[in-house]
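Numbering of ligands and ligand atoms starts at 1, following listing order.
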Amino acid sequence: MTRRRRVYEGKAKVLFEGPEPGTLVQYFKDDATAFNGEKKSTVTGKGVLNNRISEHLMSRLGEIGIQNHFIRRLNMREQLIKEVEIIPVEVIIRNIAAGSICSRLGITEGTALPRAIIEYCFKSDDLNDPLVSEEHITAFGWATPQELDEIMNLSLRVNDFLSGLFTGIGIRLVDFKLEFGRYYDGDEVQIILADEISPDNCRLWDMATNEKLDKDRFRRDLGGVEDAYQEVARRLGILPEGGPGDLKGPSSIQ
Ligand code: C5P
């Protein structure tokens, strides 16, 4: 088995050098972390499900013209992606109040927001991903004003599309986090969507029961984390071949 060069290892994913220049392989781990790594565990099958869910959502977004890093799925845990220069800003889009906005602003969880609200956090584990303003982003040169405009427009389009897609399967898209990168294609530079879109970085509530179908089950010790992720995959019509039995594959990383 050939060993590939590991380019980056995050909490839930590993990036390896890809087969062609300008590509990477994104490997989805079963590791679950919360509160900036303070809480850690393994959720069997999570990586397989997130690989599938992110493939599905990125592909649908690509079809409506939202450029993103996804090229194709390689196997149960890996996908081929375009290499981008990640913009060090996490973009959070909220439709319903939940999580940190509730504690920060004293809003009751579940309150519908007057309109979609975008927040930005500086990507830094050491600093705990602090909330920042557009001023910080442009003044410190993390993104130009034009890039930030593009990021905001793309984020709202992603929100509109995904909100509709999830409504169609009885799920409310409460909030989610996106990351963007600069993709260099010859002389052209383009801002494209990167990272992943999965129950690890979205809040997804069942529309009938308000049951949480996302990482809050892990963060808040609600149990049934795998079942919730599987339910999202099932409703999207993308459970792996052979059903949940296929989720117990080896999780080692070469
Ligand atoms: O914690 P908070 O309420 O700010 O999270 C908002 C949304 O962004 C949630 O869907 C959460 O899963 C996601 N998020 C993330 N990675 C972070 C911070 C938040 O995926 N580092």
Lining ligand 1 at under 4.0 Å, by non-hydrogen atom distance, are residues E90, I92, R94, A98, G99, S100, D129, D175, F176, K177, D200, N201, C202, R203, R219
- Message: Here's one to test your reading of the geometry: is the NZ or CZ of R4 within 45 degrees of the ring axis of F16 and under 6.0 Å from its centre?
- Response: yes
Donor-acceptor under 3.5 Å (T111 side chain, T108 main chain) = yes
Would K46 count as a cation-pi partner of F28, with NZ or CZ less than 6.0 Å from the six-membered ring centre and within 45° of the ring normal?
-> no
Residue set satisfying ring pair (Phe, Tyr, Trp, His ring centres under 6.0 Å) with F140, at least two apart, ordered chain then number -> W142
Output for pair (Q26 CD, I81 CD1), nearest 0.5 Å, gives 4.5 Å
Check your understanding: Counting distance only, does the side-chain N/O of D206 pair as donor-acceptor with the main-chain N or O of T209 below 3.5 Å?
Key -> yes
